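Below, chain A is the first sequence line, B the second, and so on; all start at residue 1. A quick note: this is a predicted structure, and the numbers were derived from the prediction, not measured.
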2 protein chains.
Amino acid sequence: MPLCPTRLEMVEVTARLCQMLGMPRSAGQIYGLLYLSPHVLGLDEIAESLGISKASASTGTRQLLAWHAVRQVWKQGDRKDYFEAQTDLAEVLRSNYAGFFRPKLENSQRRVGSLLASLESDRKSGAVEREEYQLCKERLESLARLQNRVQKLLPLAENLL
Amino acid sequence: MPLCPTRLEMVEVTARLCQMLGMPRSAGQIYGLLYLSPHVLGLDEIAESLGISKASASTGTRQLLAWHAVRQVWKQGDRKDYFEAQTDLAEVLRSNYAGFFRPKLENSQRRVGSLLASLESDRKSGAVEREEYQLCKERLESLARLQNRVQKLLPLAENLL
DNA sequence: TAATCCGTTCAACGCGGATTGAACAAACTG
DNA sequence: CAGTTTGTTCAATCCGCGTTGAACGGATTA
């Protein structure tokens, strides 16, 4: 049976949202479908409801699983995989922080650190003039300070959500 | 004259950062170049330093201008456009909030509102069963509550940066 | 007016990632 | 064992977006 207009619109909204965030559109469609679904859904139902291939449904659900945005459900005596949405989006963000956002942040801090180091070696090898060296150093250090503030802010925001 | 290794690395870092955020790589390169530049730079200098076309330099700088990430500078008796980086990234975020993030948020709130409205009309037209209607309503309302929390949080984060 | 200089615009190209059908593997069923 | 059911993998394709050279327009100068 076809979806009611509201749910169709929801699918479109989440699809566009995902696209805007640089994530695959199909994952957004699936999440929107599950978010307003009264029942858990199997792979084939998902593919048919959305008019996408079973392959897309498979890869999409696995991505959503990796992001902890959907949960897998098994029914007794049924080999099929069923899925339901993790409707608490704040919880989705929280469970992705440690595994996704935090590593990104730490990486960027390491990179700025290595930039400061390479700046020192540039200075010693004379690859940069004194004035330029000073300016680079100041700006890189200001960048490092911003990163620290962000790293302090993120866990805070996480809790307030 | 060529850039020192540190600045080359900086260009690469900001380029990848921009790419990761779904923004054009060239804009990131330009920002990285300007961020550690002791002088303001003209369009041709930018293009040549980065090995990109003048067209890319033009579109890239205009995007960065729109994001308030660079400033345009004029020299007396010189028709060329010069650019310098807005090095206070927190300020960049702040000046983009009202014109970019806030409208997005408000849009998404309107969309959820219209979803709730269309749900009501679905109910009246009998396009949705009572049970499904209840579930949809609850989840959409929970979504609206999350949006409210986000909208309260963003200005806060803005100030703490 | 002709000749430069600068910046923007635009059609064409290329690249990276999303999507898909088909082949495949694994677990049942008869 | 042959035949289903179900999910995954993979090469091929599609598609959107960034990039570019070339053409253009405006401003300045000779």
Side-chain angles (χ1 to χ4, degrees), chain A residues 11-34 39-67 69-84 100, chain B residues 11-34 39-67 69-84 100:
Chain A
V11 167
E12 189 56 29
V13 167
T14 51
R16 279 216 281 263
L17 181 69
C18 256
Q19 235 172 344
M20 216 174 55
L21 299 178
M23 293 159 172
R25 172 183 179 83
S26 58
Q29 295 184 87
I30 296 170
Y31 185 78
L33 178 67
L34 292 172
H39 332 95
V40 295
L41 295 179
L43 226 41
D44 288 317
E45 297 173 89
I46 293 174
E48 199 199 340
S49 296
L50 297 176
I52 63 179
S53 69
K54 199 173 51 162
S56 280
S58 174
T59 61
T61 50
R62 276 184 298 113
Q63 288 176 89
L64 290 169
L65 279 174
W67 302 334
V70 304
R71 278 186 294 257
Q72 202 159 0
V73 179
W74 287 277
K75 294 183 178 177
Q76 50 162 337
D78 192 337
R79 295 192 288 118
K80 281 168 74 172
D81 297 346
Y82 293 94
F83 299 91
E84 66 179 5
F100 184 74
Chain B
V11 167
E12 189 56 30
V13 166
T14 52
R16 279 216 282 263
L17 180 68
C18 256
Q19 237 173 345
M20 214 173 58
L21 299 178
M23 295 159 171
R25 173 183 178 81
S26 59
Q29 295 183 87
I30 295 172
Y31 185 77
L33 178 66
L34 290 172
H39 331 96
V40 296
L41 295 178
L43 224 42
D44 288 318
E45 297 173 89
I46 292 174
E48 199 199 337
S49 295
L50 297 175
I52 64 179
S53 69
K54 199 172 53 163
S56 280
S58 174
T59 62
T61 50
R62 274 185 300 113
Q63 289 176 86
L64 290 169
L65 279 174
W67 301 333
V70 304
R71 278 185 295 256
Q72 203 160 356
V73 179
W74 287 276
K75 293 183 178 177
Q76 50 162 339
D78 192 337
R79 296 191 287 119
K80 280 167 75 172
D81 297 344
Y82 292 93
F83 299 91
E84 66 180 3
F100 184 75

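- Chain B approaches DNA chain D over the interval D/dG18 to D/dT28, counting the first and last nucleotide 5' to 3' with an atom under 4.0 Å from its heavy atoms.
- B/T61 places a side-chain N or O within donor-acceptor distance of the main-chain N or O of B/S58, the cut-off being under 3.5 Å.
- B/S26 contributes no side-chain N or O that, together with a main-chain N or O of B/G60, makes up a donor-acceptor pair within less than 3.5 Å.
- Only one option out of B/V40, B/L64, B/D81 pairs with B/Q72 in a side-chain contact (heavy atoms from CB on, under 4.5 Å); it is B/D81.
- Counting only distance, with no hydrogens or angles, the side chain of B/S49 and the backbone of B/I46 share no donor-acceptor pair below 3.5 Å.
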Start with the C-alpha distance between A/L43 and A/F83, add both sets of side-chain angles, then the distance that settles side-chain contact (heavy atoms from CB on, under 4.5 Å), and finish with yes or no.
CA-CA 8 Å; A/L43 226 41; A/F83 299 91; 3.7 Å; yes

In the 5'-to-3' direction, what one-character label does each nucleotide of nucleotides 3-22 of chain C receive under the scheme B = base within less than 4.0 Å of a protein heavy atom, S = sugar-phosphate only, - = no such atom?
--BSBBB--------SSBB-

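- Note on A/R25 versus A/E12: salt bridge recorded, some NZ/NE/NH1/NH2 to OD/OE distance being below 4.0 Å.
- B/R79 meets the side-chain hydrogen bond (donor to acceptor under 3.5 Å, both in side chains) test with no other residue; sequence neighbours excluded.
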